[in-house]
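Encoded as structure tokens, the structure appears first; notes follow it.
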2 protein chains.
Amino acid sequence: MRVRQLAEKLGVSADTVRYYTRIGLLAPTKSTANGYKFYNIREQSCLRFILSARDLGFSVEDITQIIAKADDGQSACPTVRRLIDKRLHETQQRYLDMLRLRKRMLAAVDSWDSKEDKAPTGNQICYLIEEFIEVEVGSETK
Amino acid sequence: MRVRQLAEKLGVSADTVRYYTRIGLLAPTKSTANGYKFYNIREQSCLRFILSARDLGFSVEDITQIIAKADDGQSACPTVRRLIDKRLHETQQRYLDMLRLRKRMLAAVDSWDSKEDKAPTGNQICYLIEEFIEVEVGSETK
DNA sequence: ATTGACCTGTGTGCAGCTCACAGGTTTAGA
DNA sequence: TCTAAACCTGTGAGCTGCACACAGGTCAAT
């Protein structure tokens with residue numbers, strides 16, 4: 001199997017497969033004379049694992065560690081449990097960040113609805129933004 | 001004012017100020033003989049605007065456009081309204097992505113609680129991940 | 001033999017900073 | 001006056017997780 005074929009089989013881009021190969025997560029045989037890389041069934045299941053882990057929020061670095069453990073013959077489970085804890089906290093945090101940002105953006109759009117456009121002055125670049133923030137800061141709705 | 005002083009005044013890192021300067025959002029005077037950059041009150045209020053816009057979800061590229069409009073003497077408001085619409089959609093999407101990821105991660109952690117650690121086999125790298133995904137795919141809780 | 005369509009690996013780019021580093025500046029002390 | 005240490009500076013590179021550009025290789029049809 002060459003890069004394209006493997007990529008399509010698992011529904012990712014060839015560039016993604018190349019990337020995982022480049023950083024050493026996939027180790028295809030150096031192929032024939034033309035330098036093309038050749039992926040076998042072993043690489044395919046490795047890629048499938050990578051994608052599964054990715055969908056669970058593990059970073060590429062995490063996945064590297066997990067695979068390294070397994071390649072070493074040890075159980076990767078403790079590592080997996082430890083890492084997902086960390087990533088879960090981060091995801092929770094980002095989720096909250098997005099929630100708050102979304103709320104703030106909605107509030108801005110809403111308040112701007114009743115305001116007209118204005119030209120910039122020497123002191124202001126865009127009064128919509130500058131005045132909205134001032135109001136926001138005051139009412140700290142944490 | 002030099003970079004550090006301005007940074008501390010507005011509560012960001014000196015590196016952040018340097019970054020905005022590097023990409024042309026801030027244009028300090030080239031300073032004295034030693035090459036140090038000098039920020040005046042005008043730059044300070046510009047940085048304050050940048051941070052306000054950033055907190056509303058505008059990208060650095062957005063902010064560049066907004067400031068360019070204002071520098072050109074035109075009202076940046078129409079641009080601002082158009083851009084925040086785009087960013088709001090993206091934020092909404094990312095919020096949903098985080099929500100779904102969080103849910104999946106919680107489900108994984110929960111189901112792994114009652115499972116033991118296992119060593120890798122020739123076919124599996126970490127059965128926790130591989131088996132969880134299989135179950136998940138089946139029950140497509142969209 | 002030649003054209004054209006498709007494929008390959010490698011190098012670079014992206015956002016939004018953060019860090020490393022070599023050197024300049026300032027200040028305390030002797 | 002000299003010096004040594006603490007602090008500050010600008011510039012260059014690095015980070016994540018790919019996507020894109022590009023020069024060249026391959027292969028089927030002419």
Side-chain angles (χ1 to χ4, degrees), chain A residues 1-39 43 47 49-67 83 86-87 90-91 93-94 97-98 101, chain B residues 1-39 43 47 49-67 83 86-87 90-91 93-94 97-98 101:
Chain A
M1 244 180 328
R2 292 185 311 193
V3 63
R4 189 102 188 156
Q5 198 177 345
L6 173 59
E8 281 178 1
K9 212 162 179 177
L10 295 197
V12 293
S13 78
D15 277 327
T16 297
V17 176
R18 288 199 190 93
Y19 170 64
Y20 293 144
T21 304
R22 194 146 22 172
I23 63 172
L25 274 185
L26 296 173
T29 53
K30 268 282 167 58
S31 183
T32 56
N34 53 25
Y36 288 6
K37 276 138 182 162
F38 190 83
Y39 299 83
E43 302 304 321
L47 177 55
F49 176 79
I50 293 169
L51 299 178
S52 300
R54 190 185 68 168
D55 286 350
L56 270 172
F58 291 102
S59 73
V60 166
E61 166 60 22
D62 292 345
I63 299 173
T64 304
Q65 283 186 40
I66 293 167
I67 293 181
L83 288 175
K86 203 162 73 180
R87 299 303 167 207
E90 289 172 11
T91 302
Q93 188 56 56
R94 277 201 298 224
D97 288 347
M98 287 304 114
L101 177 56
Chain B
M1 243 180 326
R2 292 186 310 191
V3 64
R4 188 109 190 148
Q5 199 179 344
L6 174 58
E8 282 179 1
K9 212 162 180 178
L10 295 197
V12 293
S13 78
D15 277 327
T16 296
V17 176
R18 288 199 190 94
Y19 170 64
Y20 293 143
T21 304
R22 193 146 23 172
I23 63 173
L25 274 185
L26 295 175
T29 54
K30 269 280 167 57
S31 183
T32 55
N34 53 22
Y36 289 6
K37 278 138 181 161
F38 190 83
Y39 300 84
E43 303 304 320
L47 176 56
F49 176 80
I50 293 170
L51 299 179
S52 300
R54 190 184 68 168
D55 285 350
L56 270 173
F58 291 101
S59 72
V60 166
E61 167 60 21
D62 293 344
I63 299 173
T64 304
Q65 284 186 40
I66 293 166
I67 292 182
L83 288 174
K86 205 162 73 179
R87 299 304 166 206
E90 290 171 9
T91 301
Q93 187 57 54
R94 278 201 298 223
D97 288 347
M98 286 305 115
L101 177 57

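Note on naming: letters A, B, ... go to the chains in the order of the sequence lines (proteins, then strands), and numbering restarts at 1 for each one.
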- Note on the structure: Contacts of Arg4(B) and Arg22(B) projected onto DNA chain D by closest heavy atom; the upstream (5') one is Arg4(B)
- Query: Can you find a side chain N or O atom of Ser13(A) that sits less than 4.0 Å from OP1 or OP2 on dC18(D)?
  - Reply: no
- Starting at atom CG of Leu6(A), determine the distance to atom P of dG9(C), rounded to an integer number of angstrom. 11 Å
- Can you name the one residue among Leu25(A), Val12(A), Ile50(A) that meets side-chain contact (heavy atoms from CB on, under 4.5 Å) with Val17(A)? Val12(A)
- Task: Take atom CG of Leu26(A) and atom P of dG17(D), then tell me their distance rounded to the nearest Å.
- Result: 15 Å
- Item | Integer-rounded Å distance: dG16(C) C1' and Arg94(A) CZ | 15 Å
- Is any side-chain N or O of Thr16(B) closer than 4.0 Å to OP1 or OP2 of dT18(C)? yes
- Which part of the nucleic acid does Arg18(B) contact within heavy-atom distance under 4.0 Å: base, sugar-phosphate only, or nothing? base
- Message: If you assign each of Arg2(B) and Glu61(B) to its closest nucleotide in DNA chain C, which residue comes earlier from the 5' end?
- Response: Glu61(B)
- Query: For Leu25(B) and dA15(C), what is the distance between atoms CG and P respectively, to the nearest whole Å?
  - Reply: 12 Å
- Query: Over how many whole Å does the gap from Ile23(A) atom CD1 to dT10(C) atom P extend?
  - Reply: 15 Å
- Does a side-chain N-to-carboxylate-O contact under 4.0 Å join Glu90(B) and Arg94(B)? no
- Item | Flag side-chain contact, heavy atom, 4.5 Å: Lys37(A) against Val3(A) | no
- Message: Under 4.0 Å from OP1 or OP2 of dT10(C): is there any side-chain N or O of Lys37(A) that close?
- Response: yes
- State, without any angle test, whether Asp62(A) and Ser59(A) hold a side-chain donor-acceptor pair at a distance under 3.5 Å. yes
- Nearest-0.5 Å distance, CD of residue Glu43(A) to OH of residue Tyr20(A): 14.5 Å
- Task: Send over the distance from Phe58(B) CZ to dA15(C) C1', rounded to a whole Å.
- Result: 17 Å
- Query: Once you round it to whole Å, what is the distance between P of dT16(D) and CD of Gln65(A)?
  - Reply: 12 Å
- Task: Let me know the distance between CD of Gln5(A) and C1' of dT8(C), rounded to the nearest Å.
- Result: 14 Å
- OP1 or OP2 of dT18(C) sitting under 4.0 Å from any side-chain N/O of Tyr19(B)? no
- Asp15(A) vs Tyr39(B), nearer the 5' end of DNA chain D by closest nucleotide: Tyr39(B)
